[in-house]
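Worksheet: one structure, shown below.
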Amino acid sequence: MNSSIYDYIKEVIPQEDILFNEPMSRHTTFRVGGDAKCLIKIKDKAQLLKLVPYLQITGQDYFILGNGSNLLVGDKGYSGFIVKLDSSMGKIGIEGERMTVPAGVLLTKAAAEAREHSLSGMEFASGIPGTMGGGIVMNAGAYGGEMKQIVESVEVMNREGEILVLDNDTMEFGYRTSVIKNRPFIVLEAVLRLQQGKKEEIDAKMEELAAKRRAKQPLEYPSAGSTFKRPEGYYAGKLIMDAGLRGFGIGGARVADKHCGFVINTGKATAADVREVIEEVQQRVKDKFGVRLEREVIFLGDF
């Protein structure tokens, strides 16, 4: 790393939050991936406002990371900067039926906080392993609920460090997408509009959804959740099953027996194994049914 770049980063970020040659297997739910040249933990908004414009101006490659629940990093690693939004980056605030959630907070934690205050609307997110920032970017959803139903506004930062507030309509939420998927914005926090409810009913709904997940999803294995988006008019898991790919594997990666829409790490997978399974599934489904499965998982770095 250029010494002047490192000197600047040290002025903005505490030494203990600058990690060199950091294994990305520690920061993704697939539990695979090579080293990042430099991983920087962001613990407050001011750090981000200083760091990202600098990386942009100096032409550095960087990737904004939440919980790594939708990410596959190559075995050869990533040569740029991983900017990880830490869960300590701000606190959840609640005022009436509005809840303000920093980008680095896990959706599971936000849902639990809503429950503690008898606020309903986040039950669907109680088992989604991503962060609020990632959930906003991809309009995360499950069991009939999605972020666009509860988001009132989103505070974002552009690459120049300018802060903007986007309302729900401006966010252009769609199926697993938002305006941020196509614009250089970084989510800082979101204001959610929830409803007063009864805590025991919220608890019951969360437990019902948790039971469905345990029954239908391979939660005992590392994965990125649903690997593919739902093709219009179809279900990805059924297409994969009907293509004869239940249990199909390469190396330590495999299509889950319990739910064919999940590609899992059985324990010794490499990132290359996971990628090959994903690409083989895409090809075989296209050959058999003429349907192109679009992956939800982001590929990053060198494989």
Side-chain angles (χ1 to χ4, degrees), residues 28-33 67-74 107 124-130 134-135 137-149 172-178 181-182 208-300 303:
T28 65
T29 57
F30 264 127
R31 298 291 179 256
V32 299
N67 196 43
S69 59
N70 216 29
L71 181 67
L72 181 66
V73 180
L107 289 169
F124 75 89
S126 59
I128 298 176
V137 171
M138 67 175 293
N139 186 26
Y143 299 107
E146 54 188 349
M147 296 305 296
K148 76 173 183 179
Q149 297 168 353
E172 298 179 9
F173 286 120
Y175 175 64
R176 299 300 174 264
T177 190
S178 72
K181 292 275 279 188
N182 303 308
E208 176 192 342
L209 296 182
K212 287 182 178 180
R213 288 187 176 91
R214 289 192 296 269
K216 296 181 179 180
Q217 299 179 9
L219 302 179
E220 65 272 28
Y221 294 102
S223 77
S226 296
T227 307
F228 305 99
K229 296 181 180 180
R230 185 179 67 244
E232 188 172 353
Y234 301 91
Y235 290 98
K238 189 175 189 310
L239 287 171
I240 295 166
M241 180 178 67
D242 291 347
L245 291 166
R246 182 190 295 277
F248 168 76
I250 296 174
R254 192 173 81 225
V255 174
D257 294 307
K258 187 180 282 187
H259 190 315
C260 292
F262 284 61
V263 174
I264 58 174
N265 172 7
T266 61
K268 296 184 179 180
T270 64
D273 291 340
V274 175
R275 179 170 181 164
E276 287 179 41
V277 169
I278 290 173
E279 292 177 343
E280 187 65 20
V281 166
Q282 287 177 308
Q283 188 60 54
R284 292 200 195 182
V285 167
K286 187 172 189 300
D287 290 345
K288 190 171 182 67
F289 301 110
V291 178
R292 174 67 178 173
L293 292 178
E294 184 180 353
R295 54 183 165 81
E296 290 189 18
V297 178
I298 297 168
F299 292 167
L300 181 70
F303 286 81

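Because only heavy atoms are used, hydrogens play no part in the values below, and waters and symmetry mates are left out as well, while side chains stay in.
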Glu172: what forms a side-chain hydrogen bond (donor to acceptor under 3.5 Å, both in side chains) with it, not counting sequence neighbours? none

Straight-line distance of Asn182 CG to Thr177 OG1, nearest 0.5 Å: 5.5 Å

Any residue meeting side-chain contact (heavy atoms from CB on, under 4.5 Å) with Phe299, in chain and number order, not counting sequence neighbours: Leu72, Arg275, Ile278, Glu279, Arg295, Val297, Phe303

Take atom CD in Glu232; do more than 12 heavy atoms of anything else shown fall under 6.0 Å from it? no

Between Leu293 and Ile240, is any pair of side-chain heavy atoms under 4.5 Å apart? yes

Check step by step if side-chain contact (heavy atoms from CB on, under 4.5 Å) holds for Thr28 and Asn67. CA-CA 7 Å; Thr28 65; Asn67 196 43; over 6 Å; no

Once side-chain hydrogen bond (donor to acceptor under 3.5 Å, both in side chains) is applied, do any residues pair with Glu296, and if so which ones, sequence neighbours excluded? none

Check Arg31 against Pro222 and note the closest heavy-atom contact, atom names and distance. CG-CB, 4.0 Å

Could you tell me whether the side chain of Ser226 and the main chain of Phe228 form a donor-acceptor pair under 3.5 Å? no

Shortest non-hydrogen pair, Gly135 vs Leu107, comes out as CA-CD1, 4.3 Å

Could you pull out all residues at least two apart from Ala272 that satisfy side-chain contact (heavy atoms from CB on, under 4.5 Å)? Asp75, Thr270, Glu276

If you compare all heavy atoms of Ser69 against all heavy atoms of Gly130, which two are closest, and at what distance to 0.1 Å? OG-CA, 3.3 Å

With side chains defined as the heavy atoms from C-beta onward, is the minimum distance between Ser223 and Thr29 less than 4.5 Å? no

Qualifying ring-ring contact (aromatic ring centres under 6.0 Å, His included) pairs with a residue from residues 274-294, counting only residues at least two apart or across chains: none

Derivation of the side-chain contact (heavy atoms from CB on, under 4.5 Å) call for Val73 and Val32: CA-CA 7 Å; Val73 180; Val32 299; over 6 Å; no

N/O donor to acceptor pairs below 3.5 angstrom from side-chain atoms of residues 246-269, sequence neighbours left out:
residue: Arg246; atom: NH1; partner: Asp257; partner atom: O; Å: 2.1
residue: Lys258; atom: NZ; partner: Arg214; partner atom: O; Å: 3.2
residue: His259; atom: ND1; partner: Gly261; partner atom: N; Å: 2.9
residue: Asn265; atom: OD1; partner: Gly267; partner atom: N; Å: 2.8
residue: Asn265; atom: OD1; partner: Lys268; partner atom: N; Å: 3.4
residue: Asn265; atom: OD1; partner: Ala269; partner atom: N; Å: 3.0
residue: Asn265; atom: ND2; partner: Phe30; partner atom: O; Å: 3.0
residue: Thr266; atom: OG1; partner: Gly252; partner atom: O; Å: 2.8

Residues which pass salt bridge (charged side-chain N to carboxylate O under 4.0 Å, His left out) with Lys229, listed by chain and number, not counting sequence neighbours: Glu294

By side-chain contact (heavy atoms from CB on, under 4.5 Å) - contacts of Tyr235 (at least two apart): Arg230, Lys238

Tell me, please, which residues at least two apart from Tyr175 pass ring pair (Phe, Tyr, Trp, His ring centres under 6.0 Å). none

Quick one: side-chain contact (heavy atoms from CB on, under 4.5 Å) partners of Phe124, sequence neighbours excluded? Ile128, Met147, Ile150

Hits for side-chain hydrogen bond (donor to acceptor under 3.5 Å, both in side chains) against Asp287, two or more places apart or cross-chain, chain-then-number order -> Gln283

Nearest atoms (heavy-atom pairs only) where Asp242 meets Lys288: O-CE, 3.3 Å

Shortest non-hydrogen contact between Arg213 and Ser126, atoms and distance: NH1-OG, 4.2 Å

Suppose we screen for side-chain hydrogen bond (donor to acceptor under 3.5 Å, both in side chains). Which residues come up paired with Glu280, at least two apart in sequence or across chains? Arg284

Name the residue from Arg176, Lys181, Glu146 that meets the side chain to side chain donor-acceptor pair (under 3.5 Å) definition with Asn139. Glu146

